[in-house]
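Here's the structure we're looking at; comments come further down.
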Amino acid sequence: MISRRSFLRWLSGIAAGCFTLGSYAFAIEPGFRLVVVRYKMRPPRWPSNLSLKICILADPHCVEPHMPLARWQRIIATANETQPDLHLLLGDFAAGHRWRTGTVNVDDIAKAAMALEAPLGTYGICGNHDWWDDKAAQKSGVGPTYTETVFTAAGIPMLENRAKRLEHLGHPFWLTGTSSILAIKRRPGRYEGRAKLAETLALVTDDAPIIHLAHEPDLFVDMPSRVSLTLSGHTHGGQVRLFGYSPVTPSRFGSRFAYGHIVEGGRHLLVSGGLGCSIAPVRFGVPPEIVVLELGSADHQDYTDLRQVREG
């Protein structure tokens with residue numbers, strides 16, 4: 001029979017373990033870890049001789065104490081160190097939870113993003129929280145959101161149902177982007193989207209490859225094969241990811257589009273785990289990440305570059 005002293009020692013060990021895990025999940029991983037996750041691929045319709053390096057920043061959810069402005073600025077500096085050809089921002093710049101000690105102004109978030117440097121520039125889209133936090137947009141049911149306005153004023157074009165033709169190494173390609181499919185809250189659990197996928201893709205005027213920005217990966221089910229690659233955020237990898245599985249994911253498809261490089265029917269989707277937190281400031285098994293994507297390689301690779309782990 002176990003003694004009272006042994007039982008109390010065992011109980012204390014369990015309590016200490018729970019405290020340690022809780023401290024890690026609620027403080028260390030969301031507040032101090034930062035990894036660079038790299039992918040190499042050549043999706044359909046992408047020319048083998050068009051090498052393009054993209055740095056992707058998704059879901060910063062800037063807020064104090066976990067993602068203060070100073071940390072966002074350090075993440076931007078780290079993103080620049082990856083020396084991409086192009087920076088892409090996938091939305092949700094504002095915080096999505098009440099566990100805060102202070103608010104970060106969207107104007108300051110956009111101003112900090114002006115420091116992003118790449119030969120082809122920086123482009124972005126808005127996320128659902130950028131819509132939800134805009135009372136005027138919620139009342140009118142239309143954009144542009146305040147976030148779109150301030151980022152555009154900062155010199156960062158926002159591809160809200162828009163298309164942009166770029167050239168690199170003598171080869172053209174298109175960036176297209178759509179608004180959130182959860183943009184307008186009508187009542188709890190019911191939303192109206194403002195994504196206009198067909199109209200946006202109709203803006204493409206030639207057969208150059210397309211990279212599409214869609215904040216929520218659920219839009220991927222409607223993506224035509226004409227699009228070479230869809231880039232999304234929103235899920236945060238579930239924020240809790242165990243053995244490659246996300247128990248809870250903000251998607252009507254469950255964990256199907258939770259995280260990483262997904263291929264269905266020859267169509268390619270890349271979902272970033274993002275940087276910040278939504279609903280609750282917790283991350284476990286999916287630390288904040290900068291995504292570096294290299295297109296043009298026939299070899300598919302994805303890995304976390306542990307040499308790039310830094311405090312945020």
Does Lys185 come within less than 4.0 Å of Glu192, counting only side-chain N to carboxylate O?
no
How close do Pro44 and Gly266 get, heavy atom to heavy atom, and via which atoms?
CG-O, 3.2 Å
Specify the closest pair of heavy atoms between Ala214 and Leu219, including all atoms of both residues, with the distance to one decimal.
CB-CD2, 3.8 Å
Under the criterion side-chain contact (heavy atoms from CB on, under 4.5 Å), I'd like the reasoning laid out for Val37 against Val292: C-alpha separation, chi angles, the key distance, then a yes or no.
CA-CA 6 Å; Val37 178; Val292 176; over 6 Å; no
Ala112 versus Leu69, closest heavy-atom pair with distance
CB-CD1, 4.2 Å
Can Tyr191 and Trp132 be said to form a ring-ring contact (aromatic ring centres under 6.0 Å, His included), step by step?
CA-CA 10 Å; Tyr191 308 94; Trp132 292 355; 5.2 Å; yes
Salt bridge check, Arg100 against Glu64: does any charged N sit closer than 4.0 Å to a carboxylate O?
no
How far apart are the C-alpha atoms of Trp131 and Thr147, what are their side-chain angles, what is the distance that settles it, and do they pass the side-chain contact (heavy atoms from CB on, under 4.5 Å) test?
CA-CA 8 Å; Trp131 281 86; Thr147 296; over 6 Å; no
Are Arg165 and Phe173 in a cation-pi setup, meaning NZ or CZ lies under 6.0 angstrom from the ring centre and within 45 degrees of the ring axis?
no
Minimum heavy-atom separation for Ala258 to Arg241, with atom names?
CB-NH1, 4.1 Å
Just checking, is any N or O donor in the side chain of Arg267 or Ser225 under 3.5 Å from an acceptor N or O on the other one?
no
Side chains of Asp108 and Trp72: donor-acceptor distance under 3.5 Å anywhere?
no
Do you know the tightest heavy-atom contact between Val104 and Met67?
CG2-O, 4.0 Å
Can you measure from OG (Ser48) to CZ (Arg42) and round to the nearest 0.5 angstrom?
5.0 Å
How many angstroms lie between CD1 in Ile109 and CD in Gln73, if you round to the nearest 0.5 Å?
11.0 Å
Would the number of heavy atoms belonging to other residues, nucleotides or ligands and lying under 6.0 Å from CZ of Arg190 be above 12?
no
Decide whether Leu120 and Trp46 are clustered together by the hydrophobic rule: side chain heavy atoms of Ile, Leu, Val, Met, Phe, Trp, Tyr closer than 4.5 Å, transitively.
yes
Please report the closest heavy-atom contact between Arg45 and Ser228, naming both atoms and the distance.
CB-OG, 3.4 Å
Check each of Ser180, Ser272, Pro217 against His234 using the side-chain contact (heavy atoms from CB on, under 4.5 Å) test, and report the only one that passes.
Pro217
Just checking, is any N or O donor in the side chain of Thr230 or His268 under 3.5 Å from an acceptor N or O on the other one?
no
Interatomic spacing from CG in Leu34 to CD1 in Ile290 - rounded to 0.5 Å:
4.5 Å
Without swapping roles, check the side chain of Glu81 against the backbone of Ile76 for a donor-acceptor pair under 3.5 Å.
no
Would a single hydrophobic cluster contain both Val291 and Ile125, if residues Ile, Leu, Val, Met, Phe, Trp and Tyr are joined by side-chain heavy-atom contacts under 4.5 Å?
yes
Verify, without hydrogens or angle tests, whether Thr235 (side chain) and Gly237 (backbone) share a donor-acceptor contact under 3.5 angstrom.
yes
Might you work through the side-chain contact (heavy atoms from CB on, under 4.5 Å) test for Leu275 and Asp59, ending with a clear yes or no?
CA-CA 6 Å; Leu275 293 158; Asp59 305 282; 5.8 Å; no
Classify the angle between the aromatic ring planes of Phe257 and Phe220 as parallel (below 30°), tilted (30 to 60°) or perpendicular (above 60°).
perpendicular
Any sub-3.5 Å donor-acceptor pair from Asp133's side-chain atoms to Asp130's backbone N or O?
no
If two hydrophobic side chains count as joined below 4.5 Å and joins carry through other members, does Val204 share a cluster with Tyr123?
no
Surrounding CD of Gln83 (heavy atoms of other residues, nucleotides or ligands, distance under 6.0 Å), is the total greater than 12?
no
Please tabulate, one pair per line, all N/O donor-acceptor pairs under 3.5 Å involving side-chain atoms of residues 157-164, not counting sequence neighbours.
from: Glu160; atom 1: OE1; to: Ser179; atom 2: OG; distance (Å): 2.9
from: Glu160; atom 1: OE2; to: Cys126; atom 2: N; distance (Å): 2.8
from: Asn161; atom 1: OD1; to: Ser179; atom 2: N; distance (Å): 3.3
from: Asn161; atom 1: OD1; to: Lys196; atom 2: N; distance (Å): 2.9
from: Asn161; atom 1: ND2; to: Ser179; atom 2: OG; distance (Å): 3.2
from: Asn161; atom 1: ND2; to: Arg194; atom 2: O; distance (Å): 2.9
from: Arg162; atom 1: NH1; to: Glu148; atom 2: OE2; distance (Å): 2.9
from: Arg162; atom 1: NH1; to: Met158; atom 2: O; distance (Å): 2.9
from: Arg162; atom 1: NH2; to: Glu148; atom 2: OE2; distance (Å): 3.2

Of Ile54, Ile56, Asn80, the one forming a side-chain contact (heavy atoms from CB on, under 4.5 Å) with His87 is Asn80
Of all residues at least two apart in sequence or in a different chain, which pass the side-chain hydrogen bond (donor to acceptor under 3.5 Å, both in side chains) check with Tyr146?
Asp107
Tell me if a side-chain donor or acceptor on Ser251 pairs with a main-chain N or O of Phe253 at a distance below 3.5 Å.
yes
Kindly say whether Arg33 contributes a backbone atom to a donor-acceptor pair with the side chain of Arg283 at under 3.5 angstrom?
no
Look only at the side chain of Asp92 and the backbone of His129, and say whether a donor-acceptor pair between them is shorter than 3.5 Å.
yes
Determine, using the 4.5 Å side-chain heavy-atom cutoff (strictly less than), whether Leu88 and Leu293 are members of one ILVMFWY cluster.
yes
For the pair Glu216 (side chain) and Ile181 (backbone), establish whether a donor and an acceptor sit closer than 3.5 Å, ignoring hydrogens and angles.
yes
Flag yes if Met223 and Tyr259 sit in one hydrophobic cluster, no otherwise; membership is Ile, Leu, Val, Met, Phe, Trp, Tyr, and two members link when side-chain heavy atoms are under 4.5 Å apart.
no
Quick one: are the ring centres of His236 and His61 less than 6.0 Å apart?
yes
Whether the side chain of Thr82 engages the backbone of Thr78 through a donor-acceptor N/O pair (distance < 3.5 Å, no angle test) should be reported.
no
